[in-house]
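Letters go in sequence order (proteins before strands), and every chain restarts at 1.
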Amino acid sequence: MPDLQSPRGMEDLLPEDAAVWRHVRDIAEHVARLFDYGYISTPVVEDARVFLRTVGEESDIAQKEMYVFEDRGGDRMALRPEGTAAISRAYIEHGMGSRPQPVRLFYIGPFFRYDRPQAGRYRQLWQFGAECIGDASAAADAEIIELQHTLYQELGLPDLLLRINSIGTAETRARYTEALREHFRPHLESLSKDSQRRFETNILRILDSKEDAGHPAVTGAPSILDFLTEEDAAHFAAVQGYLGALGISYVVDPRVVRGLDYYARTVWEFEPPDAAGQSTVGAGGRYDGLMELLGGPATPAVGFATGIERIVLNLRRRELAPEEEAPVDVAMVPLGEAGPAAAMRLARALRAAGLAVRAGTPGRSLRAQLRAASNSNAAFAVILGDDEARDGVAQVKPLGADGEQLTVPFGSVADAIQRSW
RNA sequence: GUGGGUGUGGCCUAGCGGUUAGGGCGCCAGGUUGUGGCCCUGGAGAUCGUGGGUUCAAAUCCCAUCACCCACCCCA
């Protein structure tokens, strides 16, 4: 190991990884476009309060997973751990409440969580997300889920399991957590240490504990769905109605909860069927209370985020990840004294004609350069030495199985290559 | 923060007390005074993660440490 390496949990993206990332990003942006979501990019660094106010001071994100630092001016800054709060900040700051509602936005970029890395979890992670802001209706929930569902369909991940739930409003959850507390209190002794801790910090999390999954107190716990108000229940039923109309399969799972406090009503997750470990590929929910936490007007909103690394992981597991970018069209092969300069000028002309051209390596033997050209998967080698430079021509050599090498005047090289396709 | 596993050239790896630390891939060069892919030959490239200890002798055994991986917590 060299003594300098990338920070823990933050990975270099190498050229050989580029094809699959480009693939995912292209499809994500395409799907966003299909739904008329506009691209928004917010800073990677924000005033720490943007997140501290919204994710909940007590949440793990605020307590131990956020990169917080003081800048040179003494301001408390944070590397963004998630997208929704920052986008909400931008929505308020730019008065987007005065635009036609709802405002539909999508984003893609890196986020940061000071977590212990493991498979599918990183300290710098990329997320693609979409937010539909200013629409309280169940149709907006369905639209966001449909967008996310379409993304996975387009990517070739049609069998991700959609689990949905409603966690009601803040009042609902207050009544429910009180009921849970009463339910679990007599069983505390027999629950795992983690669950005992959760009993104090985030009691909802006991429900999806891995250790206590089979515990009778967990399996027999009351369901939040029984605590929903009439309005919440109607909203949830409407969402399910839309999903049914769209033919999107899902399961209602009352154990789906959210780590962040600002969620309300509909929440969901997409998971691979062979789920294990850090498996959630994407998750979303309604966050009607968030804007007010940031000092803005009460504004209903719903959105989702999906982890690019986790998408790539799933594509690779299924061998659906494209391995290579499109190969280069032309590899230049300059020889001799006059070849290199003439080859550079010819390469410029070819690029101007829209061809991708890899520069050669003057000084290397013809054999070595042709080997390299062949390895690069270039469609053509263009050989240019002293004789060619003198005569104003180049040798155009197809690198495929067959095809004849031609002597072509400079001005006709681009044409000759484009015609022979 | 907790637990487990693994560290040998760029990558994969053999060696598990005494070897000039071996091989494969890749890279560079040559085999053709200017013609690739296959093949052949040669070359460069390793403080055996780091520090300490045991021993006549350590990549190999012990301890510590660091890094990475996996899992828990939490989350995308």
A:Glu319 atom CD, over 12 foreign heavy atoms within 6.0 Å: no
Regarding A:Gln405, tell me which of base, sugar-phosphate or nothing describes its non-hydrogen contacts under 4.0 Å with the strands shown. base
Have a look at A:Glu388 and say if it touches a base, only the backbone sugar-phosphate, or nothing, with a 4.0 Å heavy-atom cut-off. base
Considering every strand and a 4.0 Å limit on heavy-atom distances, what is the contact class for A:Ala283: base, sugar-phosphate, or nothing? sugar-phosphate
Taking the side chain of A:Arg371 as its heavy atoms from C-beta onward, which of B:rC27, B:rC39, B:rC74 lies nearest to it? B:rC39
Heavy atoms only, 4.0 Å cut-off, all strands: where does A:Gly339 land among base, sugar-phosphate and nothing? nothing
With no angle test and no hydrogens, is the base of B:rG36 tied to the side chain of A:Ser374 by a donor-acceptor pair under 3.5 Å? yes
Mind checking the C1' distance from B:rG10 to B:rG5? Whole angstroms is fine. 25 Å
Ignoring backbone atoms, test whether A:Arg367 places a side-chain nitrogen or oxygen under 4.0 Å from the OP1 or OP2 oxygen of B:rG34. no
Give A:Ile383 one of three labels, base, sugar-phosphate or nothing, depending on what nucleic acid heavy atoms sit under 4.0 Å from its own. base
Is A:Arg310 side chain donor-acceptor paired with the B:rC75 base, going by distance under 3.5 Å alone? yes
Against the side chain of A:Arg113, the closest entry in B:rA76, B:rG1, B:rA67 is B:rA76
Among B:rC28, B:rA76, B:rG31, the nucleotide that comes nearest once only the side chain of A:Tyr122 is considered: B:rA76
For A:Asp115, is there an ion pair with A:Arg113 - N to carboxylate O distance below 4.0 angstrom? no
To the side chain of A:Gln127, which of B:rA76, B:rA67, B:rA71 is closest? B:rA76
So, is A:Ser365 near the phosphate of B:rG30, with a side-chain N or O under 4.0 Å from OP1 or OP2? yes
Base, sugar-phosphate, or nothing for A:Gln369, non-hydrogen atoms under 4.0 angstrom? nothing
Does the distance from a Lys or Arg side-chain N to an Asp or Glu carboxylate O, for A:Asp415 and A:Arg419, drop under 4.0 Å? yes
Taking the side chain of A:Arg121 as heavy atoms from C-beta outward, which of B:rC74, B:rG34, B:rC70 is closest to it? B:rC74
So what's B:rA71 paired with, Watson-Crick or G-U wobble, going by both distances under 3.5 Å? B:rU2
Between A:Gln118 and B:rC72, is there a contact of a side-chain N or O with OP1 or OP2 at under 4.0 Å? yes
Cut-off 3.5 Å, side chains only: do A:Thr306 and A:Tyr152 have a donor facing an acceptor? yes
So what does A:Ala368 touch, heavy atoms closer than 4.0 Å: a base, only the sugar-phosphate, or nothing? sugar-phosphate
Is there a donor in the side chain of A:Glu171 and an acceptor in the side chain of A:Tyr176, or the other way round, less than 3.5 Å apart? no
Counting only Watson-Crick or G-U wobble pairs whose two distances fall under 3.5 Å, which nucleotide matches B:rA59? none
Which nucleotide in the list B:rG34, B:rC74, B:rA71 gets nearest to the side chain of A:Arg205? B:rC74
Counting the atoms with a prime plus P, OP1 and OP2 as sugar-phosphate, which does A:Arg364 contact under 4.0 Å by heavy atoms, base, sugar-phosphate, or nothing? sugar-phosphate
